[in-house]
Amino acid sequence: MLKNGKKNGIKSAKSQEVSASTNGTDYPRHSVSPGEKVMLAAVDADQSEHYARKKDVEEELEVQRRRIQDLQARQYAENKQGLLIVLQAMDTGGKDGVIKHVFSGVNPQGCRVSSFKAPNPEEANHDFLWRYHKSVPARGRIGIFNRSHYEDVLVVRVKNLVPEEVWRARYGLINDFEYSLTRGGIAVIKFYLHISKDEQKLRLESRLADPDKRWKFSTNDIKERAFWDDYQVAFEDAINNTSTEYAPWYVVPANKKWYRNLVVARTIADTLEAMDPKFPPAEPGLEKISIPD
Ligand code: AMP
Ligand code: MG
């Protein structure tokens, strides 16, 4: 896609690849290249590389969490670059699980989660990006969007909440919005947590069966499940129209929760590493200072 290629924003996907290869690491990125046409039906939601069970990734996940913590401390101190992480998925896809398992240990002072539901009347009276723009992270901060501006080309499309010409124009508006964030020092990465329809059934059943999980169950999830195929098409179109060099999408195989967590954690760590945040220099002359009694 020429348009995407032309707008070469701050270091994102490209420098990430470089950083990973200089690290000597070699693992599937699950990233969507600009112009690539992902077909979700062809992406195996069960895959997990050579790992067979949760135990196999526990140590590696901890390594990735520590990388994130260390890099976040630098990012916060440096106060020059922000990172917006977008999480999207079908219901039960694991957005909350990722937030819980990948960000445990991140300094809450430098991090904020924003969850988006159907817009309230005030939000609905503004342009669709207004409420998201208000919640993007500042420099030095990480912002996590639990659902995001992508709902305005997903649920809005599937449920016919606005005419096609309105939601279709939003792909370009979203690209421009994300481009302007990256130019303003805020990197953007986007995760689609990819589960299968069978896996969603299992997860909904387990929410029903477990009294401690029942609060998460919404009869609305069953209604939405009936639109599974429409949502898959909407996700495909959204991802294929908005995966750019400056704001890449990652399609994360997410039937295995532990593999999903690993992929998200190491992608975030690689992204932060490519941003290369540095502690600011100390004031000169500190070595001569002694603290008075
Ligand atoms: P949950 O994340 O399970 O609490 O559900 C939030 C609900 O809000 C989902 O059904 C979303 O589809 C819906 N939602 C989020 N953003 C929008 C939006 N922009 N327009 C309409 N519905 C939305
Ligand atoms: Mg829900």
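With salt bridges taken as basic N to acidic carboxylate O contacts below 4.0 Å, none links Glu151 and Arg131. The existence of a salt bridge linking Asp96 and Lys216 is excluded, since no basic side-chain nitrogen approaches an acidic carboxylate oxygen closer than 4.0 Å. Salt bridge status for Glu62 with Arg65: present, with a side-chain N to carboxylate O gap under 4.0 Å. The existence of a salt bridge linking Asp127 and Lys134 is excluded, since no basic side-chain nitrogen approaches an acidic carboxylate oxygen closer than 4.0 Å. Looking at Arg74 and Asp70, a side-chain N of the basic residue comes within less than 4.0 Å of a carboxylate O on the acidic one, giving a salt bridge.
Here the closest non-hydrogen pair linking Lys197 and Trp228 is N-CZ2, 3.3 Å. Between Pro277 and Leu272, the shortest heavy-atom contact is CD-O, 3.2 Å. Across every non-hydrogen atom of Met275 and Gln81, the tightest pair is O-NE2, 2.9 Å.
Using a 4.5 Å cut-off on side-chain heavy atoms (C-beta onward), His30 and Thr267 make no contact. Using a 4.5 Å heavy-atom cutoff, the side chains of Leu83 and Pro137 are not in contact.
Within 6.0 Å of atom CD in Glu164, more than 12 heavy atoms from other residues, nucleotides or ligands are found, so the atom counts as buried in its surroundings.
Every residue meeting the ring pair (Phe, Tyr, Trp, His ring centres under 6.0 Å) condition with Phe191, not counting sequence neighbours, appears here in chain and number order: Tyr250. In this structure, the side-chain contact (heavy atoms from CB on, under 4.5 Å) partners of Ala254, at least two apart in sequence or on a different chain, are Leu193, Ile195, Arg260. For Glu224, the side-chain hydrogen bond (donor to acceptor under 3.5 Å, both in side chains) test picks out Lys159, Tyr231, with sequence neighbours left out. For Phe116, the ring pair (Phe, Tyr, Trp, His ring centres under 6.0 Å) partners are Tyr132, Phe145, not counting sequence neighbours.
No hydrogens or angles considered: a donor-acceptor pair under 3.5 Å links the side chains of Arg67 and Gln64. Side-chain contact annotation: Gln232 with Glu236, donor-acceptor N/O pair under 3.5 Å absent. Checked by atom type, the side-chain pair Glu36/Ser243 shows no donor-acceptor distance below 3.5 Å.
For Asn175 (side chain) and Asn241 (main-chain N/O), a donor-acceptor pair under 3.5 Å exists by modelled atom type. Checking side-chain atoms of Glu178 against main-chain N and O of Val188 turns up no donor-acceptor pair under 3.5 Å. Formation of a donor-acceptor pair under 3.5 Å by the Glu123 side chain with backbone atoms of Asn120 is found in this model. No donor-acceptor pair closer than 3.5 Å links the side chain of Arg266 to the backbone N or O of Val264.
Taking a 4.5 Å side-chain heavy-atom cut-off between Ile, Leu, Val, Met, Phe, Trp and Tyr, the cluster of Met39 contains only that residue.
Sorted pairs that involve residues 46-101 and meet ring-ring contact (aromatic ring centres under 6.0 Å, His included), not counting sequence neighbours, are lacking altogether.
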